[in-house]
Structures are given as C-alpha cells and as structure tokens.
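Residue numbers run from 1 in the order of the sequence given.
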Amino acid sequence: MTPRIVRRIAELREEVAGYRRQQPEAARVGLIPTMGYLHEGHASLIRRSAQENGLTVLSIFVNPLQFGPNEDYNRYPRDEGRDIALASASGANVVFIPTEEEMYPEPIRTTVSVSGLTDRLCGASRPGHFDGVATIVSKLFHIVLPDHAYFGLKDAQQVAVVARMTRDLNLPIDIVPCMTVREIDGLALSSRNIYLNHEERSQALVLSQSLSQVPGWIEDGMTEAELVVRIRGKIRSQPLADIEYAEVLTFPDLTQPSADRPLRDSKEPLLVALAVRFGKTRLIDNVLLFPSEVK
Ligand code: PAF
C-alpha cells in the first residue's frame with residue numbers, strides 16, 4: 001500500500017491520533033527515524049516495525065544539528081522518490097518528510113544532552129553530534145508518541161545514547177535495536193557507502209573481515225590491549241585505511257573493560273567498535289558480543 005506522505009508536524013500528529021482512535025485497545029505505533037537515502041538496513045527496520053505494529057511511521061530528515069561545521073551536511077545524499085518507493089515496498093504506512101523550517105522554525109534553545117556516553121568513540125571526534133541526535137530523536141518521540149522505535153546496531157553508540165535518554169526521561173517507548181545488515185561481501189550498509197570509489201570500497205572490507213575474527217581472538221584469551229593492537233594491525237594492512245578509533249568497551253554503558261583480564265571473563269556484553277576513513281569517507285562498524293558467546 002502507498003504510504004501517506006506527511007510534511008507537517010500537525011498533520012503527522014493527526015494521522016497517529018486518528019489511528020489510535022480507530023484502535024482504542026490494540027493500537028501499536030512503530031517509528032523508524034532516518035536521514036533518508038534508504039537502503040536494505042532501513043528496509044529491514046521498516047519490515048520489523050510493520051510486523052510488530054499496526055502503524056509504522058518512517059521519518060526522513062537530514063538533521064543539521066548533528067553535523068559539525070566541516071562535515072558532509074550539504075553533500076549528504078538525498079533521493080526522496082527512491083526513499084518513498086523503498087518505504088512503500090517495505091510496509092511503512094506514513095512517511096514524515098519535514099523541512100528544516102518545520103523542525104526548527106527558530107534557533108533552538110533547548111537541547112538534549114546525554115552525559116558520559118557521548119564523549120567517547122564517535123562523540124570524541126564529533127563534538128555535539130550526539131546532542132543533535134538526542135535532540136531530534138526526542139522531538140520525533142514527542143511528535144509521534146510511538147510504542148516502539150527501531151534503530152540499527154551499526155550505530156551502536158547511538159542505540160546506547162537513545163536508550164539511556166529514553167530511560168532517564170521516563171519516555172514510555174521501547175527502543176528496539178536491530179542487527180546490522182551487510183552486503184554479501186561483508187560491508188556494513190550505510191548511506192555513505194556511495195562516496196567510496198572502487199579501490200576504497202574494496203579496502204573497506206577489512207573492517208568486517210577484522211571484526212569477524214574478534215570472537216576467536218577473545219576466545220583465545222586476549223585482553224583489551226592485545227585485541228586493540230591486533231585489530232589495528234590488521235586494518236593498517238590496507239594502505240588507504242586511516243583509523244580514527246578501534247576500541248573495546250562494555251555495552252551499553254561504554255566503559256573500559258578491565259585492562260589486564262582476558263576479555264572472555266567479562267560479565268558484560270562487549271562492543272568492539274571501529275571508525276576508519278577511506279579517502280574522504282568515514283565508515284563505522286562494530287561487533288557486539290554477549291558473555292555467553294565468547295566462553
Ligand atoms: O541514524 C540516523 O540516521 C540519525 O542519527 C537519526 C537517528 C535519524 C537522527 O537524525
């Protein structure tokens with residue numbers, strides 16, 4: 001079914017309220033916040049929401065607040081027609097595509113900031129990025145009032161930040177983390193992959209290849225420091241790879257695991273997270289491991 005395209009906040013509120021009125025007992029609303037240029041990863045979130053909710057709202061908004069001054073806000077890929085076709089094929093009922101004016105009619109004075117979790121990994125090199133994310137996600141949550149909100153684990157730090165914000169602010173919304181979707185050769189899907197030239201794309205496969213070895217390295221008894229040395233060495237074997245970070249942290253609190261104990265003794269889930277540039281393109285990828293998977 002063709003989704004309804006909604007550009008105004010008031011109209012979106014009316015769509016959701018109308019659905020809830022029709023289903024007073026059984027209404028379930030799912031929200032997938034995105035910045036568009038959708039790919040199969042987004043499609044999998046939409047399909048999951050469509051299975052679990054009576055109304056699936058997809059938002060498409062390239063949020064200026066989460067881009068730094070030298071980042072790719074202006075050249076971030078946009079293709080509304082293609083996005084609507086993918087949303088429709090995946091089962092979205094409503095696609096919300098606001099303008100910047102609609103979301104930020106005046107300079108914003110109220111922002112949402114999640115401390116601690118946001119000063120590391122991507123937050124260290126992108127100051128203010130997660131304030132921008134938390135602010136727009138919080139605005140979308142307040143506009144849509146969903147029961148469930150779906151986020152891809154490729155941005156595991158974003159999932160941790162949004163989940164913590166939701167808990168701290170007592171928002172009655174279930175945050176549903178969803179598995180990273182990959183190309184057949186392992187490259188994690190990202191709207192930014194289109195920036196990669198042939199050589200960069202081929203060298204970028206080192207990210208998923210290194211991450212796929214992590215469970216074995218942990219099982220062998222590596223400590224955090226040993227694993228970081230090993231993974232950095234492997235990534236550096238690709239001459240175009242410029243590592244921004246390669247870190248092991250607990251998830252979802254993003255704390256440093258004990259330095260001298262084998263990681264396989266961790267009682268908490270572990271996140272091995274990478275941010276690496278290939279040419280001008282910054283890619284992130286990660287693997288999330290639960291203690292039972294590394295014993
Ligand atoms: O992951 C994204 O695409 C964005 O950070 C989000 C969650 C849509 C907020 O703008």
Side-chain angles (χ1 to χ4, degrees), residues 30-51 56 58-63 66-67 71-73 75-92 95 121-122 126 129 133 137 149-162 175-214 235 238 240-241 244-246 251 271-289:
L31 170 68
I32 300 108
T34 79
M35 297 205 300
Y37 213 71
L38 305 178
H39 50 66
E40 180 52 32
H42 299 109
S44 71
L45 305 183
I46 300 169
R47 284 196 297 268
R48 172 130 184 222
S49 172
Q51 271 166 17
T56 288
L58 171 83
S59 68
I60 299 178
F61 179 62
V62 185
N63 173 34
Q66 69 189 73
F67 288 80
E71 294 183 355
D72 58 347
Y73 173 68
R75 68 178 189 122
Y76 195 84
R78 293 158 168 91
D79 189 338
E80 192 178 299
R82 187 173 153 278
D83 285 349
I84 292 171
L86 185 141
S88 170
S90 311
V95 182
L121 301 177
C122 292
R126 304 186 69 189
H129 168 70
V133 170
V137 170
Y150 297 80
F151 293 87
L153 273 167
K154 186 171 79 66
D155 291 304
Q157 185 175 17
Q158 173 167 280
V159 172
V161 168
V162 168
I175 304 303
V176 186
C178 300
M179 295 282 288
T180 300
V181 178
R182 296 179 182 279
E183 304 271 12
I184 200 107
D185 58 8
L187 186 71
L189 294 190
S190 162
S191 305
R192 290 185 168 104
N193 288 350
I194 57 147
Y195 300 151
L196 296 166
N197 66 29
H198 180 74
E199 190 49 36
E200 290 163 350
R201 192 197 175 288
S202 137
Q203 294 198 20
L205 295 181
V206 74
L207 303 187
S208 55
Q209 285 162 1
S210 327
L211 291 168
S212 69
Q213 289 185 267
V214 163
I235 295 170
Q238 296 302 316
L240 296 177
E244 183 182 298
Y245 64 73
F251 189 84
L271 174 71
V272 181
L274 309 173
V276 181
R277 279 177 203 283
F278 293 86
K280 288 203 171 87
T281 308
R282 179 179 178 278
L283 298 181
I284 56 171
D285 201 350
N286 67 67
V287 61
L288 186 57
L289 294 158

Could you tell me which non-hydrogen atom of [X] sits nearest to which non-hydrogen atom of [Y], and how far apart they are?
| X | Y | answer |
| --- | --- | --- |
| Tyr195 | Pro77 | OH-CD, 3.2 Å |
| Leu271 | Ala156 | CD1-CB, 3.6 Å |
| Ala92 | Leu58 | CB-CB, 4.3 Å |
| Gly41 | Leu189 | N-CD1, 3.6 Å |
| Pro177 | Arg48 | O-NH1, 4.1 Å |
| Ala50 | Ser90 | CB-O, 4.4 Å |

Run the side chain to side chain contact (heavy atoms under 4.5 Å, CB included) test against [X] and tell me which residues pass, sequence neighbours left out.
| X | answer |
| --- | --- |
| Gln213 | Trp217, Lys234 |
| Leu45 | Ile32, Tyr150, Cys178 |
| Asn193 | Leu187, Ser190, Leu196, Leu283 |
| Asn197 | Glu199, Glu200 |

Can you tell which of Asp155, Leu274, Leu121, Val276 makes a side-chain contact (heavy atoms from CB on, under 4.5 Å) with Ile284? Asp155
My understanding is that only residues two or more places apart in sequence, or in another chain, count here; which of them pass side-chain hydrogen bond (donor to acceptor under 3.5 Å, both in side chains) with [X]?
| X | result |
| --- | --- |
| Tyr73 | Glu100 |
| Ser49 | Asn53, Thr56 |
| Asp285 | Arg182 |

Sequence neighbours excluded, the answer for ring pair (Phe, Tyr, Trp, His ring centres under 6.0 Å) partners of Tyr245 is none
For [X] and [Y], indicate whether the former's side chain and the latter's backbone hold a donor-acceptor pair under 3.5 Å.
| X | Y | answer |
| --- | --- | --- |
| Ser202 | His198 | no |
| Thr34 | Ser59 | yes |
| Asn286 | Leu153 | yes |
| Gln203 | Leu240 | yes |
| Ser88 | Ile84 | no |

Reported [atom1]-to-[atom2] distance for the pair [X] and [Y], which is rounded to 0.5 angstrom:
| X | Y | atom1 | atom2 | answer |
| --- | --- | --- | --- | --- |
| Ile175 | Gln158 | CD1 | CD | 10.5 Å |
| Arg126 | Glu71 | CZ | CD | 4.0 Å |
| Asn63 | His129 | CG | NE2 | 9.0 Å |
| Arg282 | Glu244 | CZ | CD | 4.0 Å |
| Phe67 | Met35 | CZ | CE | 4.0 Å |
| Asp83 | Ile60 | CG | CD1 | 4.0 Å |

Residues in salt bridge (charged side-chain N to carboxylate O under 4.0 Å, His left out) with [X], at least two apart?
| X | value |
| --- | --- |
| Asp185 | Arg201 |
| Arg78 | none |
| Glu40 | Arg47 |
| Glu80 | Arg7 |

Test salt bridge (Lys or Arg N to Asp or Glu O under 4.0 Å) on Lys280 and Asp72 and set out the steps. CA-CA 10 Å; Lys280 288 203 171 87; Asp72 58 347; over 6 Å; no
Give the C-alpha distance, both sets of side-chain angles, the deciding distance and a yes or no for side chain to side chain contact (heavy atoms under 4.5 Å, CB included) between Phe151 and Leu31. CA-CA 9 Å; Phe151 293 87; Leu31 170 68; over 6 Å; no
Would a 4.5 Å heavy-atom cut-off, applied to side chains only, mark Ser44 and Met179 as touching? no
Side chain to side chain contact (heavy atoms under 4.5 Å, CB included) evaluation trace for Val62 with Tyr37: CA-CA 10 Å; Val62 185; Tyr37 213 71; over 6 Å; no
